[in-house]
Amino acid sequence: MTAADTPRRPLLISMHGRDNVAIVANDGGLPPGTVLPAGPTLRDPVPQGHKVALRDIPADGAVLRYGIPIGYALKDIPAGSWVHERLLKMPTARELEGLPIATIKPEAQAPLEGYTFEGYRNADGSVGTRNILAITTTVQCVAGVLDFAVQRIKTELLPKYPKVDDVIGLEHTYGCGVAIDAEGAEIPIRTLRNISLNPNFGGEVMVVSLGCEKLQPQRLFPPGAIPIELTSDTRGTGSAGPLGVPPLPGGETRSGSGGLDTICLQDEAHIGFMSMIDAIMGTAKAHLERLNARRRVTVPASELVVGVQCGGSDAFSGVTANPAVGYCTDLLVRAGASVMFSEVTEVRDAIDQLTSRATTPEVAQAMIQQMAWYDAYLQRGRVDRSANTTPGNKKGGLSNIVEKAMGSIIKSGTSPISGVLPPGEKLRQKGLTFAATPASDFICGTLQLAAGMNLHVFTTGRGTPYGLAECPVIKVATRTELARRWHDLMDVNAGTIADGDKTIEDVGWELFRLMLDVASGRKKTWAEQWKLHNALVLFNPAPVT
Ligand code: CA
């Protein structure tokens, strides 16, 4: 990468020696007549983040960025022209056959030892970065009642339990009015189950159910779904309000200790609304008492489970923020941590790079299988991966999904890819994993939470105030202009890389150290500061009824 040093002169960034376009880094773009350091004179005004032709590109010629064709010229493009999406024909998606399989054997990186953070060790061995009571719901119908109860828990109970960070309702739009036995329905169900078991919730599972919904509590948590260590201690000794032990639909009765801690609103024991609220609050109290006894202990950095994601991307995403995150991903892998990258439509065009980085042919095949499933899923709606890009992406200089994908996968760094996780499953291994999720910010975040994410890193170029109640989100700005304007929303400014003030390595290390501070609770992210909480959005590829 090259970047001139003074902001008054044209700042161009190219990613690869083969590239015949570069992006304009100057705030406000560049006017026509500007003489570029590479030679040509600008023929058009070129906005910041947009591409300029460094050489004459003939009609049908490849437009090269990141060293690969991101498109083909629809007509002759003279050197010095603004190269925007209307001049480009998008390449077809690479076939999923004949891909290079586990061909790259990267040199083993030296382990990174001695880095620790202060976390909450759970009975199942996982480590939380926050101490949160999360109340699971089986169906959207109960959301209003639970919201009411959560507000009262926050004002009346939470002050008595100062070691507990928050109380949240795990609300969603699933649970009823859905084809619950359809192909694909297992995805939202296991997602919700695994989110309830996220390490930040300390294994304190309690469920609010309506009663008549399709997603019955015992379907959400079949026997054995909750690890035994989490249910065998003092469970069942807390007050369950006026309910006692509610009968389960179908005539089954709940076993007291070790059973599912469920409040069923349609239970006949409830006379009026306040009876439901009392029951939820009484049950919550028992869980708050146990959570309040949790203490942070020093644990190795290998206990981090990090999900990386981008949203509201621009042409700088692949130049500044995502490369810095990629560098940090490599640091985390060297420290023995778990890192997930996701967003199927944003890796689809780089599938050959990923299959070649797989540690084994099985990992590469699992990746191809996820891509094929998603291709078919998109085809059902008669679209393809190009449906991903937004008007904001294009305004930010990203011409199409190929260019966006090349900038997106850089978040995964250079480490070998040692695992593939289907959507909604729980991650059980260290190292770098491709967690297959849609690129939709909230759906990706929701699925990474289900995987067991205890820290989230999110890069943005256009700017998004994204945040999650369940887990801290560190937001990384791709440009200094955004970091300045959103000074109280962005946690890290990777725009310093394009400004020439810092290197990718500098920002990668800055992010790594910030992650340990945030994981330890020593620092709050801006999203935590302002309590910016996006909704959980379950990925449901199955029909609704
Ligand atoms: Ca995203």
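Start at 1 and go down the list; that is how both ligands and their atoms are numbered.
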* To do: Taking both backbone and side-chain atoms into account, decide whether G311 has an N/O/S atom under 3.0 Å from the Ca ion (ligand 1).
  => no
* Asked: Has Q309 got an N, O or S atom lying less than 3.0 Å from the Ca ion (ligand 1)?
  -> yes
* From the Ca ion (ligand 1) out to just under 3.0 Å, does an N/O/S atom of C310 turn up? -> yes
* Do we see a donor-acceptor contact under 3.5 Å between the side chains of N493 and T480? -> yes
* Measure from the Ca ion (ligand 1) to every N/O/S atom of D441 and report the name of the nearest one. => OD1
* To do: Using atom types as modelled and distance alone, determine if a side-chain donor or acceptor of E346 lies under 3.5 Å from a backbone N or O of V344.
  => no
* To do: With the Ca ion (ligand 1) as the reference point, give the N/O/S atom of E343 that is nearest.
  => OE2
* Asked: Hey, mind stepping through I68 and V402 against side-chain contact (heavy atoms from CB on, under 4.5 Å) and telling me if it holds?
  -> CA-CA 9 Å; I68 66 124; V402 183; 4.0 Å; yes
* side-chain contact (heavy atoms from CB on, under 4.5 Å) between L74 and L87, worked out -> CA-CA 5 Å; L74 288 171; L87 291 177; 5.6 Å; no
* Step-by-step side-chain contact (heavy atoms from CB on, under 4.5 Å) determination, R385 to M371 -> CA-CA 11 Å; R385 77 235 193 266; M371 298 294 135; over 6 Å; no
